[in-house]
Amino acid sequence: MKKSYILFILLMLAAFNNSFAQTVYAVTANSSYPANCTNCTFNITSGKTLSISQGGSCNNCTFNGGNIVLEKTITCQPCSFNNTTIAMNDQSINTNSGTTSFQNVVLTATGSASIKANTAINISNSVFTFNGTGYFSNNGGQLDISGSTLNFFGNTYFNANAGPVNLRNGSKLVAGNGLLNSLAYIKLNGPALNIYDNTSSVILANYNNYYYNWNSFNSLSNNHSYTTTYPSAASTLNCGAAGQNACGLYSAPTVYGPSGLTYAGVAASSSLLPVVMSNFTVANTGSRVSLEWTTQQEINAAYFTIERSANSSNWEKIGAVPATGNTAFATRYTYADNGFPGTVAYYRLAMVDQDGSKTYSTIKAVHASLIKGISVFPNPAVDNVTVDLTGNSTEVMIKLMNQSGQVLQEQKAGANTAMVSLSVQQYARGTYIIAVSAADGIQQTSKLMIAR
């Protein structure tokens, strides 16, 4: 009997210890995985994507590196995201227990995508960008934001019913990107907003963007609190005309843009957002990385610096482009990076003002092309043409197009296919285009002459 009792105790201890064992998954190829997991660590290889294909609870889960695509809503109890890029469209990250953390994370939320925080959240060295109608709702307790920017563009918003909300080490909450059709806002229903240093702030880009809180916001660097409740001057700052968020509520604790909340109080100057950027794209053209961005307005802008990173954490300056300076018109900028470092690189822009202050763009990732090169023969062709894919190790799509870009025929070629033949005898004499594209979006083209 005694031996049986001891055996029972040992089995119970083994089961107890096993319940806390961590299961480690090495994600070395693009993979799908359901969210339901307990004590799981996902180590995602750089350039690879883990798709969350089924919703559910992730209990004590850690995600390291690579890319994450959220195809279904997940509930974190809790989760830790580190050095990763997250894309979510019309889905949510919910937190229901513990403290969920984001470190060195680039998160892009589109459509109605949201973060619903019912527990404490830590965000450090990260950039979150919400586009569409989504939101970040803080209902669970303390929200610590350090060295990070949370952008709310389009008609998205930040709402906090719990707190405090702490901004440290150059952190920013941004409502709007300067476009007047953006109705983004920052709203706290009573929780304290704490600004810890003179580089952290809340930025309101235009008169349709606003900050709202019945409570004062606190500047910890100068030990002062600032109210935005009427009749303080701040509450009536930048009130729009009739139909444009006119300030008619005598008790409304609201500040409208263009303005911001800083360590020194409410700032009326739109120089808090010297450059209004409408797009920023990065593309691998095969021989170099092409960067393009457009500003809709500039106020006392000096120049842009282009920064590159291999891990989205350690950055180096690789170039600079002078800004127009002051303009209300759209201005397009380009930059070419001929020093692509390897399989993946991250890019961001620092928008520098005349007084030396700067704001950062969102972070863009670009991957090395899996297309090594193509050649076409014979050229000119009469009846058939062969596309040489020697050296390519990925599935590609081959398209024959006319000069107007109309696709005349297309053919898929599997990984490691060396040659593909196309019949062209049915086409008139002239110049055509052969385009070869991979799943990573990289495309290479070659001109083809058809002779008769």
I want to check something: taking the side chain as every heavy atom from C-beta on, are [X] and [Y] in contact at a cut-off of under 4.5 Å?
X: V24; Y: N43; result: yes
X: I434; Y: L400; result: yes
X: F63; Y: I86; result: no
X: T228; Y: P253; result: yes
X: T254; Y: Y211; result: no
X: N83; Y: N64; result: no
X: T23; Y: T41; result: no
X: N402; Y: L408; result: yes

Please identify each residue that fulfils side-chain hydrogen bond (donor to acceptor under 3.5 Å, both in side chains) with [X], with sequence neighbours left out.
X: N125; value: none
X: S171; value: none
X: S146; value: N169
X: T49; value: none

Side-chain H-bond candidate by donor/acceptor type, [X] with [Y], under 3.5 Å:
X: N59; Y: T38; result: yes
X: D144; Y: Q142; result: yes
X: D197; Y: T199; result: yes
X: D337; Y: Y347; result: yes
X: N82; Y: S80; result: yes
X: N89; Y: T110; result: yes

Q.
Would you say the ring centers of Y33 and F42 fall short of 6.0 Å from each other?
A. yes
(Q) For Y335 together with W293, are the ring centres under 6.0 Å from each other? (A) no
Are any side-chain N or O atoms of [X] and backbone N or O atoms of [Y], one a donor and one an acceptor, separated by less than 3.5 Å?
X: N218; Y: L220; value: no
X: T262; Y: S201; value: no
X: T119; Y: G98; value: yes
X: S290; Y: A336; value: no
X: S182; Y: G154; value: yes
X: T95; Y: N118; value: yes
X: S126; Y: V105; value: yes
X: S259; Y: Y256; value: yes
X: T84; Y: G65; value: yes
X: T45; Y: V27; value: yes

For residues 315-323, tabulate all N or O donor-acceptor pairs below 3.5 Å that involve a side-chain atom, not counting sequence neighbours.
| unit_1 | atom_1 | unit_2 | atom_2 | d |
| --- | --- | --- | --- | --- |
| E316 | OE2 | R308 | NH2 | 3.0 |

Q: Kindly compute the distance separating NZ (K72) from CG (D90), expressed to the nearest 0.5 Å.
A: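 The distance works out to 11.0 Å.
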Q: Find the distance between CG (N194) and OG (S225) and round it off to the nearest 0.5 Å.
A: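 Going from CG on N194 over to OG on S225, the span is 8.5 Å.
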List in chain and number order the residues that pass ring pair (Phe, Tyr, Trp, His ring centres under 6.0 Å) with [X], two or more places apart in sequence or in another chain; answer none if no residue qualifies.
X: F217; result: Y226
X: Y263; result: none
X: F153; result: none

Closest approach of [X] and [Y], non-hydrogen atoms and distance?
X: N189; Y: P191; result: C-CD, 3.1 Å
X: V282; Y: K364; result: CG2-CB, 3.7 Å
X: G176; Y: A205; result: O-CB, 3.4 Å
X: M88; Y: I93; result: CE-N, 3.9 Å
X: T149; Y: N151; result: CG2-OD1, 3.4 Å
X: N215; Y: G190; result: ND2-O, 3.0 Å

**Q.** disulfide bond (SG atoms under 2.5 Å apart) pairs, two or more places apart, involving residues 69-135
**A.**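 Pairs touching residues 69-135 that pass the test: C76-C79.
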Q: List the steps and the verdict of ring pair (Phe, Tyr, Trp, His ring centres under 6.0 Å) for F304 and Y333.
A: CA-CA 10 Å; F304 302 88; Y333 297 90; 4.8 Å; yes
Q | Inter- and intrachain pairs under ring pair (Phe, Tyr, Trp, His ring centres under 6.0 Å), touching residues 110-129, at least two apart | A | F102-F128
Q | Derivation of the side chain to side chain contact (heavy atoms under 4.5 Å, CB included) call for N67 and V69 | A | CA-CA 7 Å; N67 307 304; V69 174; 5.6 Å; no
(Q) Test side chain to side chain contact (heavy atoms under 4.5 Å, CB included) on L143 and I123; report intermediate values, then the result. (A) CA-CA 8 Å; L143 173 59; I123 302 173; 4.2 Å; yes
Q.
Quick one, S92 with S114, criterion side-chain hydrogen bond (donor to acceptor under 3.5 Å, both in side chains). Give me CA distance, side-chain angles, the key distance, then yes/no.
A. CA-CA 5 Å; S92 296; S114 64; 2.7 Å; yes
Q. Considering residues at least two apart in sequence or located in another chain, which fulfil the salt bridge (Lys or Arg N to Asp or Glu O under 4.0 Å) criterion with E71?
A. none
Q: Apply salt bridge (Lys or Arg N to Asp or Glu O under 4.0 Å) to E410 and list each qualifying residue two or more places apart in sequence or on a separate chain.
A: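 By the salt bridge (Lys or Arg N to Asp or Glu O under 4.0 Å) rule, E410 matches no residue at all.
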Q. Could you go step by step and tell me if F280 and L349 meet the side chain to side chain contact (heavy atoms under 4.5 Å, CB included) rule?
A. CA-CA 9 Å; F280 172 37; L349 302 175; 3.8 Å; yes
Q: Check Y185, F158, F152 against Y210 for a ring-ring contact (aromatic ring centres under 6.0 Å, His included) and give me the one that passes.
A: Y185
(Q) Tell me whether K187 forms a cation-pi arrangement with Y212, defined as NZ or CZ under 6.0 Å from the six-membered ring centre and within 45 degrees of its axis. (A)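 Relative to the ring axis of Y212, which defines the angle, K187 lies inside both limits.
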Q: Evaluate the side chain to side chain contact (heavy atoms under 4.5 Å, CB included) criterion for residues Y346 and E307: first the C-alpha distance (whole Å), next the side-chain angles of each, then the deciding distance (0.1 Å), finally the verdict.
A: CA-CA 8 Å; Y346 300 88; E307 299 183 8; over 6 Å; no
